[in-house]
Number of protein chains: 2
Amino acid sequence: MSATNDFIEAKDDFISQWGALGTSWGISRTMAQVHALLMISPESISTDQCMEELQISRGNAHTNLKELVGWGLVRIVVKKGERKEFFEAEKDVWKVFTIVLRERKRREIDPAVELLKGCAERSKNVKSLEGQAFHKQINELQDFAIFASKVGETMSQLKYGPAIKFADKFLGLLPKDKSMK
Amino acid sequence: MSATNDFIEAKDDFISQWGALGTSWGISRTMAQVHALLMISPESISTDQCMEELQISRGNAHTNLKELVGWGLVRIVVKKGERKEFFEAEKDVWKVFTIVLRERKRREIDPAVELLKGCAERSKNVKSLEGQAFHKQINELQDFAIFASKVGETMSQLKYGPAIKFADKFLGLLPKDKSMK
DNA sequence: TCATGCTTTCAATACTTATTGAAAGTACCC
DNA sequence: GGGTACTTTCAATAAGTATTGAAAGCATGA
């Protein structure tokens with residue numbers, strides 16, 4: 001088996017399994033596959049190339065490419081002399097992480113904070129045992145949610161260097177060879 | 001409107017909306033609702049009470065209660081003189097967080113690390129431009145995934161106190177009134 | 001042993017979400 | 001204007017996931 005065949009196999013495997021993983025990350029399989037394809041393409045690609053590579057319909061390719069643009073994970077590129085749009089992914093892994101973190105915070109934490117705020121407010125004057133327990137639990141959840149929101153906010157604004165230094169110093173962790181970056 | 005009515009409304013609202021949020025957290029709506037119900041119940045509850053409160057079938061209640069037990073978010077309680085099982089949730093918010101974090105790491109990060117390891121291995125000897133780009137990108141993703149895995153691992157083992165001190169000191173964040181805990 | 005009360009399973013079904021493909025929209029050029 | 005090369009939308013459909021309810025399983029005690 002040649003290195004080239006290994007590579008083709010690895011590439012197909014990566015796209016297909018990254019897609020499957022996408023599901024557990026709360027994004028659709030196809031969107032994750034399109035993202036995978038773009039992350040490993042040295043050149044930007046067109047909607048037609050995307051359809052071809054992933055064997056999906058035009059509508060599907062279009063929707064997911066634009067959704068990725070919406071997330072800020074993919075940019076539209078216009079090539080001179082070409083009428084169609086090309087797409088290229090953000091390749092910097094830390095940037096990808098901060099973008100995804102910000103989006104997940106917005107979709108997963110912020111609404112929880114709002115909900116808890118409302119529930120805390122409406123239960124603050126309640127007398128019953130059940131009511132007291134409710135209010136206490138909601139308050140604790142709220143404190144945590146606000147805390148998580150702030151951590152997310154701060155992290156998503158951090159540059160790679162400071163983030164790594166931070167993690168290194170206080171968790172004693174480091175990805176190999178990255179301490180000098 | 002009495003405080004009691006506000007409370008009943010808040011409680012129903014909490015259960016129903018926590019369920020909706022569950023979806024974006026990658027767990028099923030019903031499982032999140034069951035969890036919500038248990039978190040705010042001062043007493044442990046039975047399968048029948050769960051069915052009653054949430055208006056769901058026995059099979060559904062059973063499956064989701066047991067799934068929560070599987071996660072470690074809910075415990076089975078046996079009451080003397082009672083033949084049926086009762087369920088109570090872990091109420092400590094930090095413990096809930098570390099349990100969920102561990103589970104999400106296991107389901108969302110670990111498989112990614114495995115995938116990337118395999119892809120890096122199979123593409124390390126490739127010569128083409130496309131192959132080189134692939135290998136480089138996979139390696140960067142792998143470094144990050146391993147890093148994230150370690151952060152998750154460490155965080156999920158942290159006790160609430162040290163975690164808060166840590167966050168306070170280096171992010172300048174604190175949930176109000178918690179610095180002395 | 002059988003009746004009772006509870007737990008567990010699972011095939012059928014309902015609900016939710018993703019995908020297709022064709023039609024409509026838009027922008028550019030001759 | 002009209003033709004061409006794309007992009008965008010969306011109703012129909014397919015695929016995936018959750019829920020039901022009834023039947024089977026299991027433990028207890030009369």
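So you know, we letter chains A, B, ... as the sequences are listed, proteins then strands, and number each from 1.
Annotation for A/Lys95: atom NZ does not count as buried by contact number, only 12 or fewer foreign heavy atoms lying within 6.0 Å. Environment of NZ in B/Lys136: sparse, with no more than 12 heavy atoms of neighbouring residues, nucleotides or ligands closer than 6.0 Å.
Distances shown here put every side-chain N or O of A/Arg29 at or beyond 4.0 Å from the OP1 or OP2 atom of D/dA15.
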- Task: Decide yes or no on side-chain contact (heavy atoms from CB on, under 4.5 Å) for B/Val96 and B/His35, but give the supporting numbers first.
- Result: CA-CA 11 Å; B/Val96 171; B/His35 187 226; 4.1 Å; yes

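Rounding to whole angstrom units, CD1 of residue B/Ile27 and P of D/dA18 are separated by 11 Å.
Looking only at side-chain heavy atoms (C-beta outward), A/Glu108 and A/Lys105 stay at 4.5 Å or farther from each other. Residues B/Gln137 and A/Val93 form a side-chain contact, since some pair of their non-hydrogen atoms from C-beta on lies under 4.5 Å apart. Under the 4.5 Å side-chain criterion, counting only non-hydrogen atoms from C-beta, B/Val78 is not in contact with B/Glu82. Looking only at side-chain heavy atoms (C-beta outward), B/Met39 and A/Glu140 stay at 4.5 Å or farther from each other.
Here the range on DNA chain C touched by chain A, meaning any atom under 4.0 Å from one of its heavy atoms, is C/dA18 to C/dC28.
Salt bridge status for A/Glu153 with A/Lys150: absent, with no side-chain N to carboxylate O gap under 4.0 Å.
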- Query: Just by protein heavy atoms under 4.0 Å, how would nucleotides 2-7 of chain D read 5' to 3' in B, S and -?
  - Reply: --BBSB

